[in-house]
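All remarks here apply to the structure that follows.
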Amino acid sequence: MYDGLSRLVFGNSLRRAQTEFLSRIPQRAKVLLIGGGSGWLLEQLLKQQPLVEVTYLEVSSKMLHLAQRRIRQHVPPTHSNIDFRLGDENSLQPNEMFDVILTPFLLDLFPERRLLYLMDRLSSVLRPQGLWVFSDFWPNQTPIPGWQRLLLKSMYTFFGIVSHVDASRLPDFSTHFARQPLQLEASATFYGGLVQARVYRKV
């Protein structure tokens, strides 16, 4: 439902944001893709970088099943080295470390305190010099234009009812990323500045 609804409202903007910086991922990187839903981004990643090793972490068993089916149907077996794992950041092993973390439209789902914990946990499993590839709703204008405020409020109301999303507004991403040992390397905006894609390097 979410994939179809997002395309209806946003066209290809959200997909373009998710793939904007995939080319920066090293060929044999160990990648954590968390919250990838039905697997569209995973498919694009494997088509661009078939030699990566991916841990695919997803809290929805239905989405995890859809992602597994998508990869079986669209990606050659020789192009996939994937650990499909049901769970959240607490499902990561104590000694697991990654070269790249992808959070596609994930971080906006959590209230501030929960997001604080999540980002600390993800940062702890990212190797020094590793990349954090981010895409999400992050207005680049201050104050936020009225049409963006209205759209965001409608989205949070809708997904709060349908998907039981705990957050009721966008987090302060600037503050959250500033807390982490990360350096911004590149950014791009989409959908009139409502959506951003960013790539950070851990320092």
Val203 to Gln129 - nearest heavy-atom pair and separation
CA-NE2, 4.3 Å

Could you go through the side chain to side chain donor-acceptor pair (under 3.5 Å) check for Thr19 and Gln44 one step at a time?
CA-CA 7 Å; Thr19 58; Gln44 309 313 307; over 6 Å; no

Taking the side chain as C-beta and beyond, is there a heavy-atom pair between Val125 and Ile101 under 4.5 Å?
yes

Within the structure provided, determine whether Leu107 and Phe177 are in side-chain contact (heavy-atom separation under 4.5 Å).
yes

When you compare the side chains of Gln196 and Ser187, does any donor N or O come within less than 3.5 Å of an acceptor on the partner?
no

Run the numbers on Arg198 and Asp136 for salt bridge (Lys or Arg N to Asp or Glu O under 4.0 Å), then give the verdict.
CA-CA 9 Å; Arg198 291 189 167 206; Asp136 218 317; over 6 Å; no

Should Leu57 and Val165 be counted in the same cluster of Ile, Leu, Val, Met, Phe, Trp and Tyr side chains packed under 4.5 Å apart?
yes

Could you state whether Val75 and Ile25 fall into the same hydrophobic cluster, counting links through intermediate Ile, Leu, Val, Met, Phe, Trp or Tyr residues with side-chain heavy atoms under 4.5 angstrom apart?
yes

What are the two closest non-hydrogen atoms of His164 and Ile161, and how far apart are they?
CE1-O, 4.0 Å

Taking atom CG of Asn81 and atom CZ of Arg28, what is their separation to the nearest 0.5 Å?
10.5 Å

Do Phe10 and Phe137 make the cut of ring centroids closer than 6.0 angstrom?
yes

Spatial distance of atom OG (Ser38) from atom CD (Glu43) [nearest 0.5 Å]:
9.5 Å

Establish whether Leu66 and Leu46 are linked, either directly or via other cluster members, by ILVMFWY side-chain heavy-atom contacts under 4.5 Å.
no

Using modelled atom types and a 3.5 Å cut-off, is there a donor and acceptor pairing between side-chain atoms of Glu58 and backbone atoms of Gly37?
yes

Would you compute the distance between atom CG of Leu102 and atom OG of Ser135 and round it to the nearest 0.5 angstrom?
7.5 Å

Could you give me the CA-CA distance, side-chain angles and deciding distance for Met97 and Lys30, then say whether side chain to side chain contact (heavy atoms under 4.5 Å, CB included) is met?
CA-CA 8 Å; Met97 297 295 288; Lys30 186 173 182 181; over 6 Å; no

Can you confirm whether Phe173 sits close enough to Asp108 that some side-chain heavy atom of one is under 4.5 Å from a side-chain heavy atom of the other?
yes

To the nearest 0.5 Å, tell me how far Ile144 CD1 sits from Arg149 CZ.
7.5 Å

How close do Gln18 and Pro104 get, counting heavy atoms only, and between which atoms?
OE1-CB, 3.5 Å

What is the distance from atom CG of Leu118 to atom CZ of Phe110, rounded to the nearest 0.5 Å?
5.5 Å

Any Leu194 side-chain heavy atom under 4.5 Å of Trp138 side chain:
no

Mind running salt bridge (Lys or Arg N to Asp or Glu O under 4.0 Å) on Glu96 and Arg85 for me, showing each step along the way?
CA-CA 14 Å; Glu96 279 187 297; Arg85 194 178 303 178; 2.9 Å; yes

Between Tyr117 and Asn90, do the side chains contain an N or O donor and an N or O acceptor separated by less than 3.5 Å?
yes

When every non-hydrogen atom of Arg24 is compared with those of Ala186, the smallest separation belongs to NH2-CB, 3.5 Å

Crowding at CZ, Arg169 (>12 non-hydrogen neighbours, <6.0 Å)
no

Min side-chain heavy-atom separation Val52-Leu45 under 4.5 Å
yes

Between the side chains of Glu89 and Arg114, is the shortest nitrogen-to-carboxylate-oxygen separation below 4.0 Å, so that they form an ion pair?
yes

Validation row, ring centre Phe134 to ring centre Tyr200 under 6.0 Å
no

Apply side chain to side chain contact (heavy atoms under 4.5 Å, CB included) to the pair Leu115 and Leu109, showing each step before the final yes or no.
CA-CA 8 Å; Leu115 181 59; Leu109 301 177; over 6 Å; no

Apply the test salt bridge (Lys or Arg N to Asp or Glu O under 4.0 Å) to residues Asp99 and Arg127: give CA-CA distance (whole Å), side-chain angles for both, the deciding distance (0.1 Å), then the verdict.
CA-CA 6 Å; Asp99 304 304; Arg127 289 192 176 101; 3.0 Å; yes

Let's go through Ser80 and Ile71 carefully: what are the C-alpha distance in whole Å and the side-chain angles of both, what is the deciding distance for side chain to side chain contact (heavy atoms under 4.5 Å, CB included) to 0.1 Å, and is it a yes or a no?
CA-CA 8 Å; Ser80 58; Ile71 298 307; 4.3 Å; yes

Give the cluster check for Tyr156 versus Leu151: same hydrophobic cluster or not, with ILVMFWY residues linked at side-chain heavy-atom distances below 4.5 Å.
yes

If you define the side chain from C-beta out and look only at heavy atoms, does anything of Leu122 sit under 4.5 Å from Leu32?
yes

To the nearest 0.5 Å, how far apart are CG in Leu42 and NE2 in His74?
11.5 Å

Would a distance-only check, ignoring hydrogens and angles, find a side-chain to backbone donor-acceptor pair under 3.5 Å from Glu112 to Asp172?
yes

Verify the neighbour count for atom CD of Gln27: are there more than 12 heavy atoms of other residues, nucleotides or ligands below 6.0 Å?
no

Keeping the roles fixed (side chain from Ser123, backbone from Met119), state whether a donor-acceptor pair exists under 3.5 Å.
no

Transitively linked via ILVMFWY side-chain contacts under 4.5 Å: Met63 with Leu41?
no

Is it the case that atom NZ in Lys47 sees more than 12 heavy atoms from other parts of the structure closer than 6.0 Å?
yes

Checking side chain to side chain contact (heavy atoms under 4.5 Å, CB included) for the pair Leu92/Phe98: CA distance, chi angles, key distance, verdict?
CA-CA 11 Å; Leu92 296 170; Phe98 299 91; 4.0 Å; yes

Minimum-distance pair of heavy atoms, taken over all atoms of Gly193 and Thr189
CA-CB, 4.2 Å

Give me the atom names and distance for the closest heavy-atom approach of Tyr191 to Ser13.
CD1-OG, 3.5 Å

Is any side-chain heavy atom of Arg179 closer than 4.5 Å to one of Leu116?
yes

Quick check: do Ile34 and Leu106 have side-chain heavy atoms less than 4.5 Å from each other?
yes

